[in-house]
*Asks:* 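Below are the C-alpha cells for one structure; questions will follow.
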Amino acid sequence: MHTRLTSDNKTKFLNTLKSNSLDFTYKNALYVIDFAVKEANELIEDSLTSVYQMLTSESSISRYYVSNERVYKDDWRYNRYDGYKPQEECKRVLDYRFIFSSWSNFGQYDFQRGLNESAAKFTDDLMVVFRLLGYSNVRTDRTYQSMSPGGKIIVTGTDTSGKEIELLHVKYYGKGTRHLKFDSHAMLRFNVAVAKILGWCRSREEYAQETEAKKAPTESVWSVADDMRITPNAMLALAVK
C-alpha cells in the first residue's frame with residue numbers, strides 16, 4: 001500500500017485504521033479488510049487527483065476542455081475550494097513540460113545537504129503517480145542527498161510491455177523553481193485517468209472531442225483509472241506479505 005499512496009494519504013490511511021481497531025475475530029477481520037479496501041481506493045484516487053491539482057498552474061495547462069465556461073483562477077492552487085468546485089469548473093489538460101514554483105528546494109545551511117523535505121516529498125509523490133498509472137520498478141537515477149542547485153533527477157520505470165522509460169526529468173533550482181519534463185505518453189495516461197476519476201469524460205470518444213485530440217485514447221489508457229483500484233483479494237495478498 002505504501003507505494004500507491006502519496007505522503008499525506010499514507011498517514012491518513014494508517015491513522016484511520018488505528019482509530020478503527022477491533023478485537024481479532026474472523027468476522028472483524030472481514031470487516032476490516034472490506035473497510036480498508038474502500039478507504040484505500042478512495043485515497044488512491046485522491047493521491048492521483050491531488051497531485052494533479054497541486055501541479056496545476058496557469059503555465060502548466062496545455063489547453064482547456066471545449067465545454068469549459070470558466071477559465072483558470074490563479075488563487076485556486078492555494079485555496080482550491082474557495083467558492084467553487086475545480087473538479088467541475090476547471091476541466092483542463094496538463095502539458096508535459098512546465099515550470100513549477102515552490103518556496104525552496106534546498107536547505108539554508110551548508111550542513112543541510114541535498115533536496116529539502118518539500119522537494120523530496122514532491123518527487124516521492126510523483127513516483128507514486130507513475131506507479132498508479134501502471135508503471136513498475138519506478139526509481140530515480142540519483143539520491144536526494146546528492147542533489148545541488150541546478151541538478152537534475154531522472155525518474156525511470158517499466159511500462160506494461162517491459163520497456164524501460166524515462167518518465168520524468170526534474171531540475172531543482174536554488175530559487176525554488178522545479179523544471180519538469182514528463183514522458184508525453186505518461187502525461188496522457190495521467191490526464192485521461194484524472195478526467196475519468198473526476199467525471200469530466202464518460203468515454204474515450206468524449207475525451208478526444210473535449211480536448212480536441214486527433215484520436216481517442218486507447219482502451220488500455222482509458223482503463224488505467226480502473227486498474228489502479230485494489231480488490232479484497234489483493235488486500236489479503238498484501239496482508240500476507
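All of these numbers come straight from a predicted model, not from anything done at the bench. Both backbone and side-chain heavy atoms feed into the values below; hydrogens, waters and symmetry mates do not.
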*Asks:* Provide the closest heavy-atom pair for Thr123 versus Ala119 in the form atom of the first, atom of the second, distance.
*Replies:*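 Here Thr123 and Ala119 meet closest at OG1-O, 2.9 Å.
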*Asks:* Give, for atom OG1 of Thr177 and atom CD1 of Ile99, the distance between the pair rounded to the nearest 0.5 Å.
*Replies:*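 Rounded to the nearest 0.5 Å, the OG1-CD1 separation comes out at 6.5 Å.
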*Asks:* Can you give me the closest heavy-atom contact between Lys196 and Ser223, atom names plus distance?
*Replies:*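 Heavy atoms of Lys196 and Ser223 come nearest at NZ-CA, 4.3 Å.
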*Asks:* Which atom names give the shortest non-hydrogen contact between Tyr64 and Cys90, and what distance separates them?
*Replies:*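 Here Tyr64 and Cys90 meet closest at CE2-SG, 4.1 Å.
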*Asks:* Check this for me: Glu117, atom CD, are more than 12 non-hydrogen atoms of other residues, nucleotides or ligands nearer than 6.0 Å?
*Replies:*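 Atom CD in Glu117 is not crowded, with 12 or fewer foreign heavy atoms closer than 6.0 Å.
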*Asks:* Dump the intermediate steps for side-chain contact (heavy atoms from CB on, under 4.5 Å) on Leu180 and Leu126, then the final yes or no.
*Replies:* CA-CA 11 Å; Leu180 291 86; Leu126 286 172; 4.0 Å; yes
*Asks:* Any chance you could measure Leu168, atom CG, to Phe130, atom CZ, to the nearest 0.5 Å?
*Replies:*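 The distance works out to 4.5 Å.
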*Asks:* Take atom CZ in Arg97; do more than 12 heavy atoms of anything else shown fall under 6.0 Å from it?
*Replies:*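 Check fails, neighbour count at 12 or below.
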*Asks:* Step by step, would you call Glu206 with Trp200 a side-chain contact (heavy atoms from CB on, under 4.5 Å)?
*Replies:* CA-CA 9 Å; Glu206 184 181 6; Trp200 291 350; over 6 Å; no
*Asks:* Quick one: does any side-chain atom of Ser60 pair with a main-chain N or O of Leu55 as donor and acceptor, under 3.5 Å?
*Replies:*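 It does hold such a pair.
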*Asks:* Answer yes or no: is there a side-chain heavy-atom contact under 4.5 Å between Ile197 and Leu48?
*Replies:*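 Touching, per the 4.5 Å side-chain cut-off.
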*Asks:* Mind listing the closest non-hydrogen atom pair of Met127 and Tyr144 along with its distance?
*Replies:*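 So the two residues come closest at SD-OH, 3.9 Å.
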*Asks:* Are the side chains of Ile44 and Arg229 in contact, using a 4.5 Å heavy-atom criterion?
*Replies:*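 The answer is no; the side chains never approach within 4.5 Å.
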*Asks:* Within the distance-only criterion (no hydrogens, no angle test), does the side chain of Asp95 pair as donor or acceptor with the backbone N or O of Phe98 below 3.5 angstrom?
*Replies:*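 No, the answer is negative, given that no donor and acceptor are paired below the 3.5 Å cut-off.
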*Asks:* Regarding Asn116 and Ser118, do their side chains bring together a donor and an acceptor under 3.5 Å, going by distance alone?
*Replies:*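 No.
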*Asks:* I'd like to know whether Phe182 forms a side-chain contact (heavy atoms from CB on, under 4.5 Å) with Arg189, so could you lay out the CA-CA distance, the side-chain angles of the two residues, the decisive distance to 0.1 Å, and finally the verdict.
*Replies:* CA-CA 11 Å; Phe182 288 80; Arg189 294 170 78 89; over 6 Å; no
*Asks:* Output yes when a side-chain donor or acceptor of Arg113 lies under 3.5 Å from a complementary backbone atom of Gln145, and no otherwise.
*Replies:*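 Answer holds: no.
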*Asks:* Short question: side chain of Asn105, backbone of Lys175 - any donor-acceptor pair under 3.5 Å?
*Replies:*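 Absent.
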*Asks:* Give a yes or no answer on whether the side chain of Asn68 reaches the backbone of Lys91 with a donor-acceptor pair at less than 3.5 Å.
*Replies:*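 Yes.
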*Asks:* Looking at CG of Leu133 and OG1 of Thr160, how far apart are the two atoms once the value is rounded to the nearest 0.5 Å?
*Replies:*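 Rounded to the nearest 0.5 Å, the CG-OG1 separation comes out at 12.0 Å.
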*Asks:* Do Lys181 and Tyr96 have side chains that approach each other closer than 4.5 Å (heavy atoms only, starting at C-beta)?
*Replies:*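 Counting from C-beta outward, Lys181 and Tyr96 do come under 4.5 Å.
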*Asks:* Within this structure, what is the NE2-CG distance for the pair His169 and Asp183, rounded to the nearest 0.5 Å?
*Replies:*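 Between atom NE2 of His169 and atom CG of Asp183 there are 9.0 Å.
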*Asks:* Are the side chain of Ser47 and the backbone N or O of Thr6 linked by a donor-acceptor pair below 3.5 Å?
*Replies:*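 It does hold such a pair.
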*Asks:* Which distance, rounded to the nearest 0.5 Å, do you find between the OG1 of Thr56 and the CD1 of Ile61?
*Replies:*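 Between Thr56 OG1 and Ile61 CD1, I get 5.5 Å after rounding to 0.5 Å.
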*Asks:* Parallel, tilted or perpendicular: which one describes the rings of Phe122 and Tyr172, with boundaries at 30° and 60°?
*Replies:*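 Taking Tyr172 first and then Phe122, their aromatic rings stand perpendicular (interplane angle over 60°).
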*Asks:* Measuring from atom CZ of Arg202 to atom CD of Glu210, what distance do you get when rounded to the nearest 0.5 angstrom?
*Replies:*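 Between Arg202 CZ and Glu210 CD, I get 9.5 Å after rounding to 0.5 Å.
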*Asks:* Quick one: does Ser59's side chain get under 4.5 Å of Phe100's, heavy atoms only?
*Replies:*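 Sidechains of Phe100 and Ser59: no contact.
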*Asks:* Any idea how Tyr207 and Tyr65 line up, ring-wise: parallel (<30°), tilted (30 to 60°), or perpendicular (>60°)?
*Replies:*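 Taking Tyr65 first and then Tyr207, their aromatic rings stand perpendicular (interplane angle over 60°).
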*Asks:* Do Leu115 and Ile153 have side-chain heavy atoms sitting under 4.5 Å apart?
*Replies:*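 Sidechains of Ile153 and Leu115: in contact.
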*Asks:* Can you tell whether the side chains of Glu164 and Arg139 come within less than 4.0 Å, N to carboxylate O?
*Replies:*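 Arg139 and Glu164: salt-bridged.
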*Asks:* Side chains of Val66 and Gln209: does their closest heavy-atom pair fall under 4.5 Å?
*Replies:*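 No - every pair of side-chain heavy atoms lies 4.5 Å or more apart.
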*Asks:* Quick check: closest heavy atoms across Ala208 and Ala216, and the distance to 0.1 Å?
*Replies:*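 For Ala208 and Ala216, the tightest heavy-atom pair comes out as CB-CA, 3.7 Å.
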*Asks:* Would Val192 and Val224 count as a side-chain contact (heavy atoms from CB on, under 4.5 Å) if you check the C-alpha gap in whole Å, the side-chain angles of each, and the deciding distance to 0.1 Å?
*Replies:* CA-CA 8 Å; Val192 171; Val224 166; over 6 Å; no
*Asks:* So, Asp141 side chain and Ile154 main chain: donor-acceptor pair closer than 3.5 Å or not?
*Replies:*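 Answer holds: yes.
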*Asks:* Any heavy-atom pair between the side chains of Arg142 and Lys152 that's under 4.5 Å?
*Replies:*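 Side chain of Lys152 against side chain of Arg142, heavy atoms only: no contact under 4.5 Å found.
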